[in-house]
2 protein chains.
Amino acid sequence: MRKKQVAPTQELPQTAWAVLGLLSFPGERTGYELKKWADASLRFFYWSPAISQIYAELRRLEALGYARSERSGPEEPRTKRRYAITDGGRAALAQWAAAEAVESGPPVLKHGVLLRVWLGHLAAPDRLRALVAEHIEGTRDRLREVREARGQASGVGEWVFPELALRWSERQHLAELELAEALLADLDELTVRAPGDGS
Amino acid sequence: MRKKQVAPTQELPQTAWAVLGLLSFPGERTGYELKKWADASLRFFYWSPAISQIYAELRRLEALGYARSERSGPEEPRTKRRYAITDGGRAALAQWAAAEAVESGPPVLKHGVLLRVWLGHLAAPDRLRALVAEHIEGTRDRLREVREARGQASGVGEWVFPELALRWSERQHLAELELAEALLADLDELTVRAPGDGS
DNA sequence: ATCCTCATGTAAGCTGTTACATGATTCC
DNA sequence: GGAATCATGTAACAGCTTACATGAGGAT
């Protein structure tokens with residue numbers, strides 16, 4: 001009975017690893033801070049869990065010995081609980097991160113706009129084009145946000161990787177923009193070749 | 001008390017609309033067939049629900065009057081239940097599809113590989129590159145599958161839109177490939193500028 | 001005979017969200 | 001004084017997956 005017998009590491013949902021990942025960067029943080037950070041950065045290439053779930057994951061991670069926390073004493077104004085990763089947590093996380101690409105499975109993409117385009121036969125052509133145009137607007141907004149987040153990123157030490165991820169995100173949003181423009185062009189061509197009726 | 005008082009259409013999860021969408025194309029189908037189709041096509045730009053959930057959604061859609069079904073009699077070898085969309089279902093679906101782009105929210109992307117890259121400070125540089133390389137392989141495989149699916153698509157009548165969606169998917173996978181290559185290059189540059197140790 | 005595909009479902013259980021409750025602090 | 005933000009949680013429940021159960025038909 002040394003420590004825990006190889007522990008199959010894998011049994012946790014990705015979200016748990018994502019939260020533990022947030023803790024793996026220097027500094028101790030509250031659940032609240034984690035949520036802000038996830039909103040500002042993680043969400044662009046992965047996902048930002050609800051705050052209530054972050055709290056739940058933190059409790060689970062602590063129960064597993066992957067994180068520890070301490071309640072701030074009266075020296076601080078607010079009562080808050082700051083979490084830090086443990087050595088065991090760091091080891092488990094590193095092991096998880098080193099898994100094969102297959103383990104993470106293909107990226108999950110749920111594209112509501114495409115779902116609607118796929119059902120284009122039910123909509124007026126103009127409505128469809130408007131939908132894609134709105135999507136382009138939204139993507140531009142998000143691209144701005146990614147760039148903002150990138151601006152904040154320092155890019156030194158362990159922070160190079162989050163910066164890399166954000167750089168990827170920026171490119172990804174640019175690609176999304178191009179895909180949407182191409183889609184719009186496809187829709188236009190469709191209307192030209194098969195007008196509402198007539199000729 | 002006319003029919004149902006405008007009915008707020010919206011209250012269903014996207015998945016329900018996706019399943020109803022599958023039914024909105026010509027022909028009647030069993031849940032089993034729907035699943036096969038979702039696996040072959042829907043999943044590339046949206047998602048393929050578990051078979052058990054498809055059955056559940058079909059029951060719900062029927063309860064709502066959006067679909068109807070009939071059990072195949074003894075004229076057919078196997079006992080199966082074929083579903084068809086109703087007029088009410090088609091109307092509700094059309095209304096849902098016509099909503100603003102904002103309603104569908106931004107595309108949801110959960111990229112496990114990026115999550116791991118984001119945690120690059122915990123991994124050996126080589127492992128990280130291998131991870132991305134494996135991801136590229138996987139993406140190539142999926143690209144092939146998209147192309148295969150596109151090959152099957154007829155591209156006439158209401159089928160133009162599914163074809164459009166698959167064309168988008170093909171481009172999307174090509175973009176994913178380029179993003180991964182660029183990421184690989186970024187990782188290489190990182191190693192050059194900050195080698196393991198020494199010079 | 002055996003295995004694969006077709007075909008439909010039930011049950012248990014986890015993941016994750018929204019809504020709610022609570023209270024302190026800071027900013028205007 | 002009031003609103004926004006900080007901060008943490010609970011409870012209810014929707015969504016979805018896995019595993020299991022069942023059985024027929026077709027292929028080897």
Side-chain angles (χ1 to χ4, degrees), chain A residues 10-20 22-23 28-40 42-43 46-64 67 69-83 105-106 108-110 112 115, chain B residues 10-20 22-23 28-40 42-43 46-64 67 69-83 105-106 108-110 112 115:
Chain A
Q10 243 58 321
E11 331 283 70
L12 287 172
Q14 285 210 322
T15 302
W17 298 114
V19 171
L20 189 56
L22 288 165
L23 287 179
E28 309 199 339
R29 291 169 199 76
T30 67
Y32 192 88
E33 287 166 339
L34 256 29
K35 171 60 175 167
K36 302 288 277 310
W37 186 16
D39 279 348
L42 233 206
R43 77 152 211 263
Y46 190 68
W47 168 61
S48 184
I51 177 71
S52 64
Q53 204 196 343
I54 288 183
Y55 286 125
E57 293 294 355
L58 286 171
R59 284 190 290 267
R60 160 155 60 179
L61 290 170
E62 184 159 36
L64 286 169
S69 73
E70 44 186 74
R71 206 167 194 89
S72 70
E75 74 283 359
E76 267 186 298
R78 284 156 206 271
T79 316
K80 48 181 91 168
R81 181 174 289 275
R82 280 223 175 65
Y83 284 85
V108 173
L109 176 63
K110 285 175 95 167
L115 187 58
Chain B
Q10 244 54 324
E11 330 283 73
L12 287 172
Q14 286 211 321
T15 301
W17 298 114
V19 172
L20 190 56
L22 287 165
L23 287 178
E28 309 199 339
R29 290 168 199 79
T30 67
Y32 192 88
E33 288 165 339
L34 257 28
K35 171 60 176 167
K36 301 288 277 313
W37 186 17
D39 279 347
L42 233 207
R43 77 150 208 263
Y46 191 70
W47 167 63
S48 184
I51 177 69
S52 63
Q53 204 197 342
I54 288 183
Y55 287 125
E57 294 294 355
L58 286 171
R59 284 190 290 268
R60 161 153 61 179
L61 291 170
E62 183 160 37
L64 286 169
S69 71
E70 44 186 73
R71 205 164 195 91
S72 69
E75 73 285 358
E76 267 186 299
R78 284 156 205 271
T79 317
K80 49 181 89 168
R81 181 174 288 275
R82 280 224 177 65
Y83 285 85
V108 173
L109 177 63
K110 285 175 95 166
L115 187 59

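Here is how names work: the chains are called A, B, and so on, in the same order as the sequence lines, proteins then strands, and each is numbered from 1.
Comparing the start and finish of the helix from C/dA1-D/dT28 to C/dC28-D/dG1, five pairs each, the helix axis swings through 30°, to the nearest 10 degrees.
Within residues 29-39 of chain B, the residues that have a heavy atom under 4.0 Å from DNA chain C are, in order of number, B/Thr30, B/Gly31, B/Tyr32, B/Lys36.
Within the structure, a side-chain polar atom (N or O) of A/Tyr55 is placed less than 4.0 Å from OP1 or OP2 of D/dT8.
With contacts defined as side-chain heavy-atom distances shorter than 4.5 Å, the pair A/Leu58/A/Val19 qualifies. A 4.5 Å side-chain heavy-atom check between B/Ser48 and B/Leu42 finds every atom pair outside the cut-off. Using a 4.5 Å heavy-atom cutoff, the side chains of B/Arg29 and B/Leu22 are not in contact.
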Using a cut-off of under 3.5 Å, enumerate the N/O to N/O pairs linking the protein to nucleotides 13-15 of chain D.
none

Extract from the structure each pairing of a protein N or O with an N or O of nucleotides 18-22 of chain D at less than 3.5 Å, listing the distance.
| residue | atom | partner | partner atom | Å |
| --- | --- | --- | --- | --- |
| D/dT18 | O4 | B/Ser52 | OG | 3.1 |

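In this structure, the CZ atom of B/Arg59 is 17 Å from the P atom of C/dA7, given to the nearest Å. The nearest whole Å value for the distance from the CZ atom in B/Arg71 to the P atom in D/dG23 is 14 Å. We find that CH2 of A/Trp17 is positioned 13 Å from P of C/dT15, with the value rounded to whole Å. Between A/Glu70 atom CD and D/dA7 atom C1' the separation is 17 Å, expressed in whole Å. Regarding A/Ile54, its CD1 atom lies at a distance of 13 Å from the P atom of D/dG9, rounded to whole Å. Rounded to whole Å, atom C1' of C/dT22 lies 17 Å from atom NZ of A/Lys80.
Not counting sequence neighbours, A/Glu28 has no partner by the side-chain hydrogen bond (donor to acceptor under 3.5 Å, both in side chains) test. Residues meeting the salt bridge (Lys or Arg N to Asp or Glu O under 4.0 Å) test with B/Arg43, sequence neighbours left out: B/Glu145. For B/Trp37, the ring-ring contact (aromatic ring centres under 6.0 Å, His included) test picks out B/Phe25, B/Trp159, with sequence neighbours left out. A/Arg82 pairs by the side-chain hydrogen bond (donor to acceptor under 3.5 Å, both in side chains) definition with A/Glu76, not counting sequence neighbours. The salt bridge (Lys or Arg N to Asp or Glu O under 4.0 Å) check on A/Lys35 picks up A/Asp39, with sequence neighbours excluded. Scanning for side-chain hydrogen bond (donor to acceptor under 3.5 Å, both in side chains) contacts around B/Tyr83 gives an empty result, with sequence neighbours left out. Among residues two or more places apart in sequence or in another chain, the side-chain hydrogen bond (donor to acceptor under 3.5 Å, both in side chains) test is passed with A/Ser69 by A/Glu62, A/Arg81. Under the side chain to side chain contact (heavy atoms under 4.5 Å, CB included) criterion, A/Ala16 pairs with A/Leu12, A/Pro13, A/Glu57, sequence neighbours left out.
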Could you walk me through whether B/Tyr46 and B/Gln14 pass the side-chain contact (heavy atoms from CB on, under 4.5 Å) check? CA-CA 10 Å; B/Tyr46 191 70; B/Gln14 286 211 321; 2.9 Å; yes
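One distance of note links CZ of A/Arg60 with CG of A/Leu20; it measures 11.5 Å at 0.5 Å rounding.
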